[in-house]
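When reading the values below, keep in mind they use all heavy atoms of this one structure, side chains included, and skip hydrogens, waters and symmetry mates.
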There are 2 protein chains.
Amino acid sequence: MKSNQETEHPEIRRKKTAEERHQDILEAALNIFTEKGYNGSTTAEIARAAGVAEGTIFRHFATKKELLIAVLKPKILDGIISLDKEHKDPVEFFRCFLKDRLELIKENDGLIRFMFAEAQYHNEVREALSNGILGHGISIVKPWFDKGVQEGIFKPIPFPAMMRSYMGMVLFYGIFNHVFPGFSPEKTVEEAADQILEIFLNGVLVKKTND
Amino acid sequence: MKSNQETEHPEIRRKKTAEERHQDILEAALNIFTEKGYNGSTTAEIARAAGVAEGTIFRHFATKKELLIAVLKPKILDGIISLDKEHKDPVEFFRCFLKDRLELIKENDGLIRFMFAEAQYHNEVREALSNGILGHGISIVKPWFDKGVQEGIFKPIPFPAMMRSYMGMVLFYGIFNHVFPGFSPEKTVEEAADQILEIFLNGVLVKKTND
DNA sequence: ATTAATAATGAGTGATTACTCACTCTTAAT
DNA sequence: ATTAAGAGTGAGTAATCACTCATTATTAAT
């Protein structure tokens with residue numbers, strides 16, 4: 001009555017090491033990719049950084065492009081969660097959301113610039129971004145904005161236009177500081193967030209124009 | 001009394017053809033680069049598109065990277081001129097500037113996305129962008145903003161923060177529509193410009209918050 | 001028509017690329 | 001200790017790359 005299928009149990013130990021390798025490669029690929037771009041990175045370099053042989057990469061990922069997607073997909077999802085906290089009102093939501101996003105950008109600066117840079121050239125990246133942000137991210141923001149409009153707090157600006165401007169201000173934060181280093185004097189993310197929020201909520205004009 | 005230095009005169013004719021080749025290569029390079037990225041483009045492909053031999057490229061540009069810079073430099077400067085028109089007041093300036101920039105982005109969409117994508121990885125591109133936009137573009141905007149603040153029209157928001165948000169909204173217009181195609185319903189640039197301007201000037205809130 | 005200068009050419013070059021595969025090592029069960 | 005299987009290896013490969021250079025074509029003056 002001895003079991004002959006016990007091979008599945010110890011698989012846990014084996015798998016752990018394999019999974020670690022998998023993560024090592026993903027982590028190394030992320031670093032090299034964000035630094036040099038997809039086409040500027042070589043699989044040899046990624047292997048070196050991950051501490052594995054080049055052939056090992058292709059045991060885990062069929063092609064270099066598959067590795068790229070495997071690197072980005074979870075990062076896109078990471079960026080979307082942590083949004084479903086409870087919020088008092090629409091303005092409070094946008095305030096929290098903004099600070100949260102700016103922290104994320106500060107920490108994952110290179111990654112985010114890399115994602116949008118490569119979205120230029122790779123359909124797969126564009127689709128992953130589109131599905132991730134459009135499918136999940138925006139669907140979280142929309143109800144709050146709609147609520148604000150219904151309550152008469154927000155102007156009835158078309159949602160896509162609002163989202164585009166909002167995302168532009170937030171995402172360009174990282175790009176701007178990278179292209180124009182030292183131009184922005186603020187040291188804290190808090191300060192930058194407050195300035196963006198002020199413009200987003202009230203604009204730059206001292207009094208409202210009526211037209 | 002026959003001139004023996006007349007070689008300089010007909011140079012005009014020769015030079016014309018050479019200059020045309022030069023422009024053909026620049027134009028082809030621009031198209032290929034914006035489509036596939038710098039590292040994704042090959043000099044063979046650019047030569048084919050320009051209708052010249054591969055070797056000809058290297059008679060005009062010492063290296064591939066030199067070609068990249070030669071492609072981008074004039075485009076960056078192109079984007080800056082046409083800003084020195086006369087304007088009545090600061091608000092009018094920002095309105096004209098915005099519409100002008102949005103038209104430019106609509107027409108040179110791929111190029112602008114390419115520039116900021118490659119600025120990620122190439123110091124030379126980043127410097128060209130920084131010198132061009134910081135050195136010339138921003139210096140045109142700053143006086144108008146400062147004037148607005150002095151006249152009490154604009155809030156005394158720090159200039160870099162204002163510029164960052166403004167550029168973010170404007171530049172992200174092209175990126176957003178490329179990554180999320182079909183998401184924005186507006187058909188005209190005018191409409192998009194009005195929506196951005198409304199947010200920039202007055203914000204999304206119905207009434208100002210006082211804090 | 002000849003000539004001299006310049007521009008254009010494209011086959012060739014060495015370096016580099018993503019990817020393969022025959023082999024070795026590690027692991028865990030007998 | 002043996003074994004079987006999956007994981008890891010790295011030299012090898014064909015393709016591709018930016019760039020070169022000996023040769024050819026073009027041009028403009030005599």
Can you tell me how far C1' of D/dA18 sits from CD1 of B/I46, to the nearest Å? 11 Å
In terms of ring plane angle, is the pair B/H22 and B/H60 parallel, tilted or perpendicular, where the classes change at 30° and 60°? tilted
Write down the distance between CD (B/E20) and C1' (C/dA7), rounded to a whole number of angstrom. 14 Å
Heavy atoms from C-beta onward define the side chain here; which of C/dT20, D/dC19, D/dC17 lies closest to that of A/F58? C/dT20
DNA chain C contacts made by residues 22-39 of chain B, counting heavy atoms under 4.0 Å: none
Would you call A/E198-B/K155 a salt bridge at under 4.0 Å N-O? yes
Quick one: A/H60 NE2 to D/dT9 C1', roughly how many Å, whole number? 12 Å
Can you say whether the rings of B/Y166 and B/F200 are parallel (under 30°), tilted (30 to 60°) or perpendicular (over 60°)? tilted
Answer yes or no: is there an ion pair linking A/E45 with A/K36, defined by an N-O contact shorter than 4.0 Å? yes
What is the distance, to the nearest angstrom, from the CD atom on A/E66 to the C1' atom on C/dC19? 13 Å
Aromatic plane relationship, A/H87 with A/F93 - under 30° parallel, 30 to 60° tilted, over 60° perpendicular: perpendicular
Between A/A62 and A/G40, which has a closest nucleotide on DNA chain C that is more 5'? A/G40
If you take the centroid of each ring, where Trp contributes its six-membered ring, are B/F176 and A/F116 closer together than 6.0 Å? no
Does B/N177 have any side-chain contact (heavy atoms from CB on, under 4.5 Å) partners at least two apart in sequence or in another chain, and if so, which? A/R164, B/Y173, B/S184
Between B/D89 and B/K147, is the closest basic N to carboxylate O distance under 4.0 Å? no
Indicate yes or no for a side-chain donor-acceptor contact from A/K64 to the backbone of A/Y38 under 3.5 Å, with no hydrogens or angles considered. yes
Tabulate atom names and distances for all N/O pairs under 3.5 angstrom spanning the protein and nucleotides 9-15 of chain C.
unit_1	atom_1	unit_2	atom_2	d
C/dT9	OP2	B/A53	N	2.9
C/dT9	OP2	B/T56	OG1	2.4

Spacing between B/E45 atom CD and D/dA18 atom P, to the nearest angstrom: 10 Å
Take atom CD of A/E19 and atom P of D/dG6, then tell me their distance rounded to the nearest Å. 18 Å
